[in-house]
Amino acid sequence: MTALTAPQGVHNLAQSAQSVDPARSVDLAKGGDLVQNIDWAAIAPPVIAAVAALVVLVADLFLDERHKSWLGRLSAAALALAGLALVPLVGDDRATFCLTAGTRACSYVADPFTLTVQLLVLGGAFVTALLSMTSVRQEKLPAGEFWFLLLSSASGAALLPASRDLATLVVALEVASLPAFALVGLRRGERLSSEAALKFFLSSVAATAVMLLGVSFVYAATGSMHLSTVAQALPNVDSRLSTLAATGVALTLVGFAFKTAAAPFHFWVPDTYVGAPVPVAAYLSVIGKAAGFSGLILVTVQAFPSYADAWGPTLAVLAALTMTVGNLGALRQRADRAHSAVRLLAWSSVGQAGYLLVPIAAAGYADEPDQAVGATLAYALMYAVVNLGAFAVVAALQQPGSHGRLDDYRGLVRTHPLAAAALAFFLLCLAGLPPGIVGLFAKVTVFQAAVDAGLGWLAVVMALNVVIALVYYLTWTALLFRPAPGQETAPGQEAAAPALPRLSAPLTATVALTGVLALATSGAPQLVLRFAGTALF
């Protein structure tokens with residue numbers, strides 16, 4: 001009833017202001033509890049990325065065209081610095097922008113969950129920056145705009161997991177999303193790029209409108225935006241506002257379902273990934289997904305736990321539908337179809353979103369939802385490394401103007417053996433097959449979360465989808481070792497390998513970095529699982 005009695009609240013505030021003790025008034029005039037102390041160390045990671053975006057935007061005005069490559073190096077260095085800013089925060093829960101009275105709820109919290117997602121976001125953005133340096137030059141993208149938009153989006157994505165009120169959540173999500181629209185459409189004059197940006201924009205705007213309507217309903221019912229206060233107020237909402245509160249919860253979750261590309265809200269993904277530059281598609285598949293899922297975790301586990309009996313089953317159904325639609329879509333891709341490589345990875349990312357939804361759904365049934373959240377984070381960390389690696393190989397071998405068919409990778413082991421080995425390893429990790437042990441462990445962790453929550457039917461659906469995914473991952477892997485037309489030779493003759501471009505230094509570094517990380521985590525997957533297990537609220 002708080003929202004309905006705002007005028008009375010203002011009247012009470014006026015009365016209390018008249019009766020304030022004079023000594024207290026002096027304290028307030030000097031600052032007192034009204035002064036908001038900002039913990040600059042806690043907010044450093046997103047702030048560094050945001051400041052770097054402004055520096056790049058201004059520097060672009062003064063740099064000659066031949067020196068624009070320095071903007072990419074500056075952006076990568078800023079993202080690395082933002083990642084290093086996480087180190088002093090490890091092991092220390094911090095909060096800032098807190099209320100100075102009452103519940104003292106905070107809008108920004110740097111806890112283990114926040115730091116884990118920020119590490120994923122900033123690390124993924126750094127890899128995307130390395131991946132983009134060659135693409136910006138080859139595709140003649142406007143360097144200043146590209147790097148400004150990438151840093152701006154990364155700053156919003158880094159802010160989102162730290163947000164602990166609904167208003168900051170929505171703002172952070174839009175700061176992460178709005179620059180991404182422009183990144184998708186930066187290839188000026190290309191029809192596919194324009195269509196991709198338009199579809200992405202329209203679907204995201206619709207999601208935001210639905211989400212804002214839901215947030216406004218929740219605020220009207222509870223009188224608060226802070227997640228902790230909302231969680232306490234929802235079970236005690238006046239009966240006359242219960243329908244409004246339930247509708248607000250439902251609309252908020254629908255908005256986040258759009259952002260996470262959960263079926264049936266996934267329709268924008270394949271065309272958007274195909275129309276976007278390959279590094280931008282990689283960015284959306286990892287960082288965009290991490291932002292959406294971290295927001296979904298916050299609103300379900302922290303803000304709406306009293307509605308777990310509603311959102312738990314709903315997310316379980318969405319998880320089953322999403323992984324099935326994504327894997328069947330990837331299975332339908334033909335090797336000779338234009339853009340089939342990126343399109344397969346796009347449908348695969350939809351299927352992977354279904355796996356990521358499973359532990360969140362399980363949190364609605366679990367007595368300790370934090371453990372289920374840890375399973376989602378473990379899977380997200382694995383997925384980020386290997387998916388960025390797969391996109392890195394695609395970006396390295398797909399030249400401007402090429403059709404990007406799966407058939408183009410036939411016989412790659414003869415022309416680029418290291419790139420073929422890396423791509424095969426990444427695909428096996430995504431499939432969950434040895435030697436990609438980290439992918440197997442991540443899937444087992446998600447599977448166990450479903451079983452522990454009593455979602456046996458969802459575990460069966462997941463197992464069937466894993467088998468479906470094996471088909472298209474192994475089909476692409478097999479193509480790498482099959483001779484391409486013109487490579488077949490008679491016994492005793494040497495095959496003539498077609499000339500392919502040399503990999504640039506940034507692309508080589510990206511493939512090497514993701515490959516080393518994937519190998520290290522496959523050798524010791526328990527480290528990822530333990531790390532994610534400590535990332536609890």
Side-chain angles (χ1 to χ4, degrees), residues 261 263 266 269-271 273-274 278 281-282 285 322-355 382-383 385-398 402-440 442-443 461-488 495 497-498 500 511 514-515 518 522:
H266 68 287
V269 173
D271 290 338
Y273 283 27
V274 168
V278 174
S285 72
T322 302
M323 67 178 72
T324 303
V325 169
N327 287 321
L328 290 179
L331 189 63
R332 292 179 61 250
Q333 300 307 307
R334 297 199 310 257
D336 59 346
R337 184 182 179 184
H339 311 293
S340 54
V342 172
R343 194 173 288 275
L344 186 146
L345 288 175
W347 281 109
S348 166
S349 73
V350 174
Q352 300 288 345
Y355 301 147
M382 178 283 301
Y383 171 76
V385 172
V386 298
N387 206 58
L388 283 172
F391 270 105
V393 177
V394 171
L397 301 176
Q398 183 170 313
S402 65
H403 294 290
R405 300 184 180 92
L406 286 171
D407 273 339
D408 297 340
Y409 296 84
R410 191 183 296 269
L412 184 65
V413 70
R414 299 195 181 192
T415 57
H416 281 76
L418 293 180
L423 180 57
F425 183 66
F426 294 139
L427 293 174
L428 291 176
C429 285
L430 288 171
L433 289 177
I437 302 298
V438 67
L440 176 62
K443 282 183 170 57
V461 172
M462 180 180 172
L464 293 175
N465 274 276
V466 169
V467 174
I468 295 173
L470 288 177
V471 176
Y472 61 82
Y473 284 131
L474 292 179
T475 299
W476 193 354
T477 304
L479 281 176
L480 304 176
F481 300 93
R482 292 178 183 169
Q487 287 184 338
E488 297 91 345
L500 286 179
V511 175
T514 52
S522 289

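Judged by distance alone, with hydrogens and angles left aside, the side-chain atoms of Lys443 form no donor-acceptor pair with the main-chain N or O of Ala463 at under 3.5 Å. Side-chain N or O atoms of Ser340 include none that pairs as donor or acceptor with a backbone N or O of Arg405 at under 3.5 Å.
Annotation: side chain of Leu328 is not in contact with side chain of Trp347 (no heavy-atom distance under 4.5 Å). For the pair Leu474/Leu433, a side-chain contact is recorded, criterion being any heavy-atom separation below 4.5 Å from C-beta on. In this structure, the side chains of Asp271 and Arg343 come closer than 4.5 Å at one or more pairs of heavy atoms. Between Pro435 and Ser522, the closest side-chain pair of non-hydrogen atoms is not below 4.5 Å. Within the 4.5 Å cutoff, no side-chain heavy atoms of Tyr273 are placed close to those of Leu345.
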Under the criterion side chain to side chain contact (heavy atoms under 4.5 Å, CB included), I'd like the reasoning laid out for Asp408 against Leu397: C-alpha separation, chi angles, the key distance, then a yes or no. CA-CA 9 Å; Asp408 297 340; Leu397 301 176; over 6 Å; no
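Here Ala518 pairs with Val385, Val386, Phe425, Phe426 under the side chain to side chain contact (heavy atoms under 4.5 Å, CB included) rule; sequence neighbours left out. Scored by the side chain to side chain contact (heavy atoms under 4.5 Å, CB included) test, Arg334 finds Asp336, Arg337 as partners (sequence neighbours excluded). When the side chain to side chain donor-acceptor pair (under 3.5 Å) test is applied to Thr324, the partners found at least two apart in sequence or on another chain are Asn465. For the side chain to side chain contact (heavy atoms under 4.5 Å, CB included) test, residues two or more places apart in sequence or in another chain that qualify with Val413 are Ala420, Phe481. Under the side chain to side chain donor-acceptor pair (under 3.5 Å) criterion, Ser285 pairs with Asn387, sequence neighbours left out. Among residues two or more places apart in sequence or in another chain, the side chain to side chain contact (heavy atoms under 4.5 Å, CB included) test is passed with Ser348 by Gln352, Tyr472, Tyr473.
Nearest heavy atom pair, residue Val269 against residue Ala261, reads CG2-CB, 3.6 Å. Shown here for Gly436 and Cys429, the closest heavy-atom pair between the two residues is CA-SG, 3.4 Å. The nearest pair of heavy atoms linking Pro434 to Leu428 is O-CD1, 4.1 Å. Between Thr322 and Ala263, the closest heavy-atom pair is OG1-N, 2.9 Å. Nearest heavy-atom pair, Leu331 versus Val471, reported as atom, atom and distance to 0.1 Å: CD1-CG1, 3.5 Å.
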